[in-house]
Undergrad: 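Take a look at this one; I'll ask things after.
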Amino acid sequence: GDGPDSLPLNKVRSITVANALRTDWTEIVEPTEHLYVLGNPPFLGHATRVEQQAQELRDAWHRNDIGRLDYVTGWYAKSLELFQRAGYAGQFAFVSTNSVTQGEPVPALFGPIFANGWRIGFAHRTFAWTSEAPKAAAVHCVIVGFDKMPKTRARIFAYSDPHGSATELAVSEGINGYLVDGPNLLVEQRRKPLSPDLPLVAMGSMPRDGGNLIIDAECYDEVAADPVAAKYLRRFVMGKELIHDIPRWCLWLVDLDPADIARSPVLKRRIDAVRAFRAASTAASTRDMANTPHLFGQRSQPSAPYVAIPSVFGETRRWATCALLSAEVIAGNKIYKCDDPDGLAFAIFSSSAFILWQKTIGGRLESRLNFGNTTTWNTFPLSQLTDEQRVAIIAGGQAVLDARAQHPGRSLAEQYNPLAMDPALLKAHAALDKAVDAVFGLKGNVTEAERLAALFASYQRLTTEGQLPLPAPKKQRKK
């Protein structure tokens, strides 16, 4: 309970109490030969900040489109402006939510910083914020520090356990906006796949129903006992149901016979409840959906077997937990899905190359992987395949399905438990990885660093020079 000698802060020449994003920092900071700017500004995502804070962020960045930039990035913008206007030499660094180094925000944040001649001099990758304060925020953070000293060795600190201690990693090329040692690339979102061989991926169907079209296990018997309602029961999956094989159903009424509503007390009660829920909404689009209360609010169901990809899945798994489902299984809005007539998409999703790309440039929810079709699938840098490569990759994906089929009672979570994977499944994935890695010019026992270097090189080539043959990447020297 005893305060350190530095408290109270009576030796500080000046403390300014003000809104930092509404203040001209050049009027606060006195002239100096070398300036350090550092701090732990507030974190607020696009869904949690109020309009005043959103406007402060627009003004700080001098642009109207701030996308998904977090409120904390306003301090980056003010630092850039301070150094540029005042002409100071120095460095700046901030504790930030880890979202600033993931997915869509990365080009928007780091593009202007790098364009102004700054580099990342040091970085702490994702760690869990801890504090003794009451009601301390449970957030995952990064620390990113910038300088203009290219001859000084850059430093990365990584955390195998977000609550544990940091380990310093060797840096050979430099630290990019994704906090990895690699080329300074910024991966922009795309509306269609970069690779001509990959199909479009879209989000599943959104009920927007107040839970009245969804049938959980405890309600299943009641609905199934109604012979009219039972005709419309379909298995329903979101990410959790897909990964853990949790039974859940829905009323899928796209072919509803209107006369069935009068014949079924279950249908009438649930459809009435949907209409009331939507009519009471503050969103005009939802109120419009009250005109068709028997239908999901947004419908995007495949008519043929499809690949289902959870929008969020665990970061400790070595491969993505995707699955092939029949068209009778309804994909919810926490599932992404795509047509896959020959199995190529499933195979690519199931490769080490893809999950490494997801972990590196994709978004996260806390520390879990947050898949995005425009961010990670459409940007996946797969060169146009030869017939031979295509056949090998599809065969590798089928081998993974065959290995899973040896244990039909296991959920995907159990199949991909990193501490207990079946040797046959590991072998199948190794063969699949070999086929996919070959497209990137990789052979033999490929390290993660070599695979990532090949992915970045392919992305740079495909986005700047078009489809060109891939040279084999150089082997990294052992340190």
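Residue numbers start at 1 and run along the sequence shown.
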Undergrad: What pairs of residues pass the side-chain hydrogen bond (donor to acceptor under 3.5 Å, both in side chains) test when at least one of them lies in residues 418-433, not counting sequence neighbours?
TA: Trp319-Asp433, Ser352-Asp433, His407-Asp422, Tyr416-His429
Undergrad: Keeping Ser458 on the side-chain end and Pro381 on the backbone end, is there a donor-acceptor pair under 3.5 Å?
TA: yes
Undergrad: Would you mind checking if Asp437 and Lys434 are paired as a salt bridge, meaning a charged N to carboxylate O distance below 4.0 Å?
TA: no
Undergrad: So which atom in Pro107 and which in Glu104 form the shortest heavy-atom distance, rounded to 0.1 Å?
TA: CD-O, 3.2 Å
Undergrad: Mind checking the OG-CZ spacing from Ser383 to Arg461? Nearest 0.5 Å is all I need.
TA: 7.0 Å
Undergrad: What I'd like to find out is whether the side chain of Ile393 reaches to under 4.5 Å of the side chain of Leu432, using heavy atoms alone.
TA: yes
Undergrad: Test your reading of the model: is there a side-chain donor-acceptor pair from Asp181 to the backbone of Glu173, 3.5 Å cut-off?
TA: yes
Undergrad: Does Ala403 offer a backbone N or O that forms a donor-acceptor pair with the side chain of Gln406 under 3.5 Å?
TA: no
Undergrad: Using the side-chain hydrogen bond (donor to acceptor under 3.5 Å, both in side chains) rule, collect all pairs that involve residues 276-286, keeping only residues at least two apart or in two chains.
TA: Arg208-Thr286
Undergrad: Identify whether the distance between the nearest side-chain nitrogen and carboxylate oxygen of Glu168 and Arg153 falls below 4.0 Å.
TA: yes
Undergrad: Determine whether the aromatic ring centres of Phe371 and Phe349 lie less than 6.0 Å apart.
TA: yes
Undergrad: Taking Asn370's backbone N and O only, do any of them form a donor-acceptor pair with Gln358's side chain (distance below 3.5 Å, no angle check)?
TA: yes
Undergrad: Can you tell whether the side chains of Arg390 and Asp387 come within less than 4.0 Å, N to carboxylate O?
TA: no
Undergrad: Looking only at atom types and distance, does a side-chain atom of Arg248 sit under 3.5 Å from a main-chain N or O of Phe236, one as donor and one as acceptor?
TA: no
Undergrad: Can you name the residues that form a ring pair (Phe, Tyr, Trp, His ring centres under 6.0 Å) with Tyr459, not counting sequence neighbours?
TA: Trp357
Undergrad: Does any non-hydrogen side-chain atom of Asp226 lie less than 4.5 Å from one of Pro265?
TA: yes
Undergrad: Between Leu369 and Thr376, is there a side-chain heavy-atom distance shorter than 4.5 Å?
TA: no
Undergrad: How long is the gap from CG on Leu213 to CZ on Phe296, to the nearest 0.5 Å?
TA: 6.0 Å
Undergrad: Regarding Arg269 and Glu222, does a basic nitrogen lie under 4.0 Å from an acidic carboxylate oxygen?
TA: yes
Undergrad: Quick one: list whatever passes ring pair (Phe, Tyr, Trp, His ring centres under 6.0 Å) with Tyr71, sequence neighbours left out.
TA: Trp75
Undergrad: Keeping Gln53 on the side-chain end and Val50 on the backbone end, is there a donor-acceptor pair under 3.5 Å?
TA: yes
Undergrad: Does Asp257 pair with Lys231 as a salt bridge, N-O distance under 4.0 Å?
TA: no
Undergrad: Check whether any side-chain heavy atom of Trp252 sits under 4.5 Å from a side-chain heavy atom of Gln301, and report yes or no.
TA: yes
Undergrad: How many angstroms lie between CG in Leu455 and CG in Leu382, if you round to the nearest 0.5 Å?
TA: 9.5 Å
Undergrad: Has the side chain of Asp272 got a donor or acceptor atom that lies under 3.5 Å from a matching backbone atom of Ala276?
TA: no
Undergrad: Could you note down all residue pairs passing side-chain hydrogen bond (donor to acceptor under 3.5 Å, both in side chains) where residues 290-299 supplies at least one of them, sequence neighbours left out?
TA: none
Undergrad: Is Asp197 reaching over with its side chain to a backbone N or O of Leu385, donor-acceptor style, under 3.5 angstrom?
TA: yes
Undergrad: Just wondering, do Ile215 and Leu251 contact through their side chains at under 4.5 Å, heavy atoms?
TA: yes
Undergrad: Please determine whether the number of non-hydrogen atoms from other residues, nucleotides or ligands lying under 6.0 Å from atom NZ of Lys359 exceeds 12.
TA: yes
Undergrad: Determine whether Leu185 and Ile361 make a side-chain contact, defined as any pair of heavy atoms from C-beta on separated by less than 4.5 Å.
TA: no
Undergrad: Could you tell me how the ring of Trp129 sits relative to the ring of Phe127: parallel (under 30°), tilted (30 to 60°) or perpendicular (over 60°)?
TA: tilted
Undergrad: Flag the pair Arg404 / Leu425 as yes when at least one side-chain heavy-atom distance between them is below 4.5 Å, and no otherwise.
TA: yes
Undergrad: Can Gln398 and Asp402 be counted as having a side-chain donor-acceptor contact under 3.5 angstrom?
TA: yes
Undergrad: Checking Asn176 side chain against Tyr178 main chain: does a donor-acceptor pair fall under 3.5 Å?
TA: yes
Undergrad: Could you pull out the closest heavy-atom pair between Tyr306 and Ser326, with the gap in Å?
TA: CE2-O, 3.3 Å
Undergrad: What are the two closest heavy atoms between Val237 and Ile335, and how far apart are they?
TA: O-CG1, 3.6 Å
Undergrad: Would you find more than 12 non-hydrogen atoms of other residues, nucleotides or ligands less than 6.0 Å from Asp65 atom CG?
TA: no
Undergrad: Between Thr97 and Val142, which heavy-atom pair has the shortest distance, and what is it?
TA: O-CG2, 4.0 Å
Undergrad: Between the main-chain N or O of Thr73 and the side-chain N or O of Asp70, is there a donor-acceptor pair closer than 3.5 Å?
TA: no
Undergrad: Just wondering, do Leu69 and Tyr76 contact through their side chains at under 4.5 Å, heavy atoms?
TA: no
Undergrad: With sequence neighbours excluded, tell me which residues meet ring pair (Phe, Tyr, Trp, His ring centres under 6.0 Å) with Phe346.
TA: none
Undergrad: Please name the pair of heavy atoms, one in Leu242 and one in Ala323, separated by the smallest distance, quoted to 0.1 Å.
TA: CD1-CB, 3.9 Å
Undergrad: Among Asn378, Thr379, Thr374, which residue meets the side chain to side chain donor-acceptor pair (under 3.5 Å) test with Gln189?
TA: Thr374
